[in-house]
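Read through the structure below, which is laid out as structure tokens, and then see the notes.
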Amino acid sequence: MMDITQKIAIATADILKMSYDHAVETHDVQIDATRKEFEGDYTVVIFPYLRALKMKPEEAGDALGDQLLAAVPEIESFNVIKGFLNLSLSAAYWSEALASISSDGQWLTRGKSGGLSLVEYSSPNTNKPLHLGHLRNNFLGHSVSLIKEFTGNEVIKTQIINDRGVHICKSMLAWKELGNGETPDTSGLKGDKLVGKYYVKFDQAFKKEQEKIELNRLQLSDSNWSDSENLFISGSAASADTISSDEWHIGSMDLQNTLKQVYDGDESALDGLTLKGKPLTTGFKDSLLSYAEFIKDSETETYEQEASRREAIKNNSPLYQRVRKMLIKWEQGDPETIALWKMMNSWVYEGFDETYARMGVSFDKLYHESETYLKGKDIVKVGLEKGIFFTKDDGSVWVNLEADGLDQKLLLRADGTTVYMTQDIGTAAQRQEDYPSLQQIIYTVGDEQDYHFKVLFLILEKLGYDWAPACRHLSYGMVDLPSGKMKSREGTVVDADDLMAEVVDAAKISSEEKGKLDEMEQEEQEQLFEMLGIGALKFYLLRVDPRKRMMFDPEESVSLNGDTGPFVQYTHARCKAVLRKAGEFQPGAPERLSEKERQLLRALMQFRTVMNGAAEDMNPSAVASYCIDLAKMYNQFYHDLPILKAEDEEVKGFRLALTKLTAETIATSMGLLGIRVPERM
RNA sequence: GGCCCCGUAGUUCAAUGGAUAGAAUAGAAGUUUCCUAAACUUUAGAUGGCAGUUCGAUCCUGCCCGGGGCUACCA
């Protein structure tokens, strides 16, 4: 069946050409759904033709309307308001359109398989449990995969796991030195949480060690410290917890923050401090004041100064030296280190798998940085031979993108080691090897890396990969909390597992308040709460344009009223309830249609177009908006018009067919967001 | 400093260059002898500023103001 708007567009172009000798491309004819405050189904915008027709808007509208009425049998009547030609289609057309879509086996199923796209999302770091930001990333990437697949691509869902490097050794070292052999089993912690705990522990120990080193360095020669002060300063990293910060009379604030207060002008911040119940000695206070100065200085330093200071810190830190040693051992394949690494990784993956399962996302192929981090080197060498890259005096390899309005970018360090960009090049090449028919890679990564991907795609293009121009960065904005930015250091991250548990719980509470589920089996109820809670969360995160930064309000995310997933799910359940009562039915063709019916059907017919647009833009929020629109229209339709008690069989059959198609369309659309819909709720 | 993104009702989000800028929430007022009231109806409320392009600008261009990001031999 030809799309009616297409048909009108062709007819319009024909008329303009034949009668007025004005050539217009069919796709330039602008046809919109008529706004609800005007009479009609579709509107042709005729402003663009006024000049060529040498007519006033109303005249042109009438003239064009008359000819369209004659040319297109589906058009029943028209009206003209200013430059808008509103066309009304016949009831017969609408019933036929509904019947035709309903019996079309292709309408709600995935398109023919086109090119192969690889969609990368999640890509976590094994040190950090998944959080709210990962949820947006995963839901987006997963949904885009589904949408692309639906509209006719072969899709490989993938991720690259950051499982190597200094930072990974940090958690390993902390576990080795402080862990006492703790495992997920003995601690009762999820594997990823356990490893994350030791990553944090390393950071804390490192921070304390630095404070001690600095204070030692700044200790005035004539100062006499008390025993506990000396103990505080000289304690080893492993015993960093010997004196907890609680023993300072400054509540939970750490030393650094207190010192900050001091140089911010509040000299008295030190006065109240005690250590082991005793006031501080003058000498110790003086050292602290010097330290405050030191911190103050460090805030005004330049990049270079900061970099060299950091390097110095790392070189002087026994803790950091042990981490480096561990990394070297790892790279050399030391069995003991590898075994530790494998063990801790397996804990993490078990934890992640659990989280992914609840999130309802999955992957077809996994990549690990530990396996790919050396891959880019060879390609850089090839590029060097081809003259795409160049070598600097120190032997480091660079690419010059200044001609493209970008910078010079490092690809290999002077010592031959790789950087992030090298690895990404290597991984892309690896994927080409793994999937020779690859046509596109889509990277789901936050917008702070916009520049990185611009550079990467340019390099891939220069290297001659023919699919490089088709690569896309599915860039998304940060998720903000009402309290501001999420910062792991300040403990303001929202943990993914906690959040999911919370929304499911909220769904349970409101469901029980409604009290509609009494005859439902316990297990079915639990599944429903899961469906509603996770559905609410996904919908909340997906309904916002990915490119935009968004606000996450925990209160609002568990709400089930308004523009939410459960609102759409409810509408589906409502349709299903009607259909259950109706039983078997014959689609009908009424003589007259009401406005609500037309509106709903028009929206249903938009389905394919909306999905194609969402695929093209990699934008699930378009699908979410569509779901809301459909649900609203159905609810109005349901409220205003009787279905089972309709005036005659034709009308009843038509409304039931509308109901059925609405349910199917909602289920399919929500499915593309990764959200399931219930039969009843 | 250079480059990039974002400024829409109190708040959170919409709007291929098109009609009177839509929803949702929060506020006010209603609808159940009737197919699921997690619904529906009514009400009030917004395009940061100044120019330009256009028949027509929230959208395109320029400048200004405000918010964020990138600008690492980190990943």
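We name chains A, B, ... by the order of the sequence lines, and we start the count at 1 in each one. For the numbers below, each heavy atom of this structure counts, side chains included, while hydrogens, waters and symmetry mates do not.
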- Contact class for A/R51 vs. all strands (heavy atom < 4.0 Å): base, sugar-phosphate, or nothing? sugar-phosphate
- When the distance from CG of A/D480 to C1' of B/C6 is rounded to whole Å, what number comes out? 12 Å
- Query: Is any side-chain N or O of A/T564 under 3.5 Å from a base N or O of B/A38, one able to act as donor and the other as acceptor?
  - Reply: no
- Message: Between A/Y443 and A/Y121 (judged by ring centroids, cut-off 6.0 Å), do the two rings come close enough to count as a pair?
- Response: no
- Message: In whole Å, I'd like the distance from the CG atom of A/D28 to the P atom of B/G18.
- Response: 14 Å
- Task: With heavy atoms under 4.0 Å as the rule, sort A/D163 into base, sugar-phosphate or nothing.
- Result: nothing
- Quick one: look up who B/C34 pairs with, Watson-Crick or G-U, both distances under 3.5 Å, and put none if it's unpaired. none
- Message: Under 4.0 Å, heavy atoms only, any strand: does A/L560 hit a base, just the sugar-phosphate, or nothing?
- Response: base
- Please report, rounded to the nearest Å, how far the P atom of B/C4 is from the CG atom of A/D407. 13 Å
- Query: For B/C3, what is the paired nucleotide under Watson-Crick or G-U wobble rules, both distances under 3.5 Å?
  - Reply: B/G69
- With the threshold set at 4.0 Å, does a side-chain nitrogen-carboxylate oxygen contact exist between A/K576 and A/E679? yes
- Query: With a non-hydrogen cut-off below 4.0 angstrom, is A/M550 in contact with a base, only sugar-phosphate, or nothing?
  - Reply: sugar-phosphate
- Message: On RNA chain B, compare the nucleotides closest to A/D450 and A/D545; which residue's is nearer the 5' end?
- Response: A/D450
- Write down the distance separating the C1' atoms in B/A9 and B/A51, rounded off to the nearest Å. 27 Å
If you restrict it to nitrogen or oxygen atoms, what contacts under 3.5 Å exist between nucleotides 73-75 of chain B and the protein, and what is each distance?
unit_1 : atom_1 : unit_2 : atom_2 : d
B/C73  : O3'    : A/R413 : NE     : 3.4
B/C73  : N4     : A/D394 : OD2    : 2.5
B/C74  : OP2    : A/R413 : NE     : 3.4
B/C74  : OP2    : A/R413 : NH2    : 2.7
B/A75  : OP1    : A/R413 : NH2    : 3.2
B/A75  : O3'    : A/E369 : OE1    : 2.9
B/A75  : O2'    : A/N162 : ND2    : 2.6

- Item | d(CZ, A/R547; C1', B/G69) in whole Å | 17 Å
- Rounding to the closest angstrom, what is the interatomic distance between B/C60 and B/U36 at atom C1'? 48 Å
- Task: Name the pairing partner of B/A51, where a pair is Watson-Crick or G-U wobble with both distances under 3.5 Å, or state none.
- Result: B/U61
- Among A/E597, A/E649, A/E650, find the residue that satisfies the salt bridge (charged side-chain N to carboxylate O under 4.0 Å, His left out) test when tested with A/R655. A/E597
- Expressed in whole Å, how much space separates the C1' atoms belonging to B/U33 and B/A46? 43 Å
- Task: Look at the side chain of A/Q30 and decide which nucleotide, out of B/A19, B/U16, B/G69, has an atom nearest to it.
- Result: B/U16
- Query: Using a cut-off of 4.0 Å on non-hydrogen atoms, how would the nucleic acid contact of A/F47 be classed: base, sugar-phosphate, or nothing?
  - Reply: base
- Query: So do A/H473 and A/F457 actually touch side chain to side chain, heavy atoms under 4.5 Å?
  - Reply: yes
- Inter-nucleotide P distance (B/C5, B/U61), Å rounded: 9 Å
- Message: For a quick check, with a 4.0 angstrom heavy-atom cut-off, what is the B/S/- contact string for nucleotides 22-35 of chain B, read 5' to 3'?
- Response: SBSS---------B
- Would you call the rings of A/F84 and A/F47 parallel, tilted or perpendicular if under 30° counts as parallel and over 60° as perpendicular? perpendicular
- Message: Heavy atoms only, 4.0 Å cut-off, all strands: where does A/T43 land among base, sugar-phosphate and nothing?
- Response: base
- Item | Any strand: nucleotide that pairs with B/A28 via Watson-Crick or wobble, under 3.5 Å | B/U42
- Determine the contact category for A/P57: base if any of its heavy atoms lies under 4.0 Å from a base atom, sugar-phosphate if only primed atoms, P, OP1 or OP2 are that close, otherwise nothing. nothing
- Does any nucleotide pair with B/G56 by Watson-Crick or G-U wobble geometry, both distances under 3.5 Å, and what is it? none
- Starting at CE of A/M421 and ending at P of B/U71, how long is that distance when rounded to a whole Å? 11 Å
- RNA chain B: A/L528 or A/M551, which has the more 5' nearest nucleotide? A/M551
- Presence of A/K516 side-chain N/O under 4.0 Å of B/A38 phosphate oxygens OP1/OP2: yes
- Using only side-chain N and O atoms of A/K548, determine if any of them is under 4.0 Å from OP1 or OP2 of B/G7. yes
- Message: Can you check the distance between B/U8 and B/G45, where both ends of the measurement are the C1' atom (answer in whole Å)?
- Response: 13 Å
- Message: Any salt bridge linking A/D3 with A/R608? Criterion: basic side-chain nitrogen under 4.0 Å from a carboxylate oxygen.
- Response: no
- Message: Taking the basic N atoms (NZ, or NE/NH1/NH2) and the acidic carboxylate oxygens, is any pair closer than 4.0 Å for A/R164 and A/E371?
- Response: no
- Task: Would you check if the distance from the ring center of A/F637 to the ring center of A/Y634 is below 6.0 Å?
- Result: yes
- For atom CG of A/L541 and atom P of B/C13, their distance in whole Å: 11 Å
- Query: What interatomic distance, in whole Å, is found between P of B/U11 and the corresponding atom of B/G30?
  - Reply: 28 Å
- Item | Derivation of the side chain to side chain contact (heavy atoms under 4.5 Å, CB included) call for A/W398 and A/L411 | CA-CA 5 Å; A/W398 296 69; A/L411 297 178; over 6 Å; no
- Ignoring the backbone of A/K82, work out which of B/U36, B/U20, B/C40 is nearest its side chain. B/U20
- Query: Rounded to whole angstrom units, what separation is found between the CE atom of A/M520 and the P atom of B/U36?
  - Reply: 14 Å
- Length of the line joining A/Q599:CD and B/C40:P, which is rounded to integer Å: 13 Å
- Message: Quick test of your reading of the model: are A/K56 and A/E58 salt-bridged, counting only N-O distances below 4.0 Å?
- Response: no
- So what does A/S511 hit on the nucleic acid, given a heavy-atom distance under 4.0 Å: a base, only sugar-phosphate, or nothing? base
- Note on the structure: Across every strand shown, the nucleotide meeting Watson-Crick or G-U wobble geometry with B/G22 (both distances under 3.5 Å) is B/C13
- Salt-bridge present (A/D447, A/R547; N to O < 4.0 Å): no
- Distance between the C1' atoms of B/A28 and B/C65, in whole angstroms? 36 Å
- Spacing of the C1' atoms in B/C4 and B/U42 (rounded, Å): 45 Å
- Lys NZ or Arg CZ of A/R574 over A/Y638 ring: under 6.0 Å, within 45°: yes
- Message: Quick check: A/Y49 with A/Y20 (ring centres under 6.0 Å apart)?
- Response: no
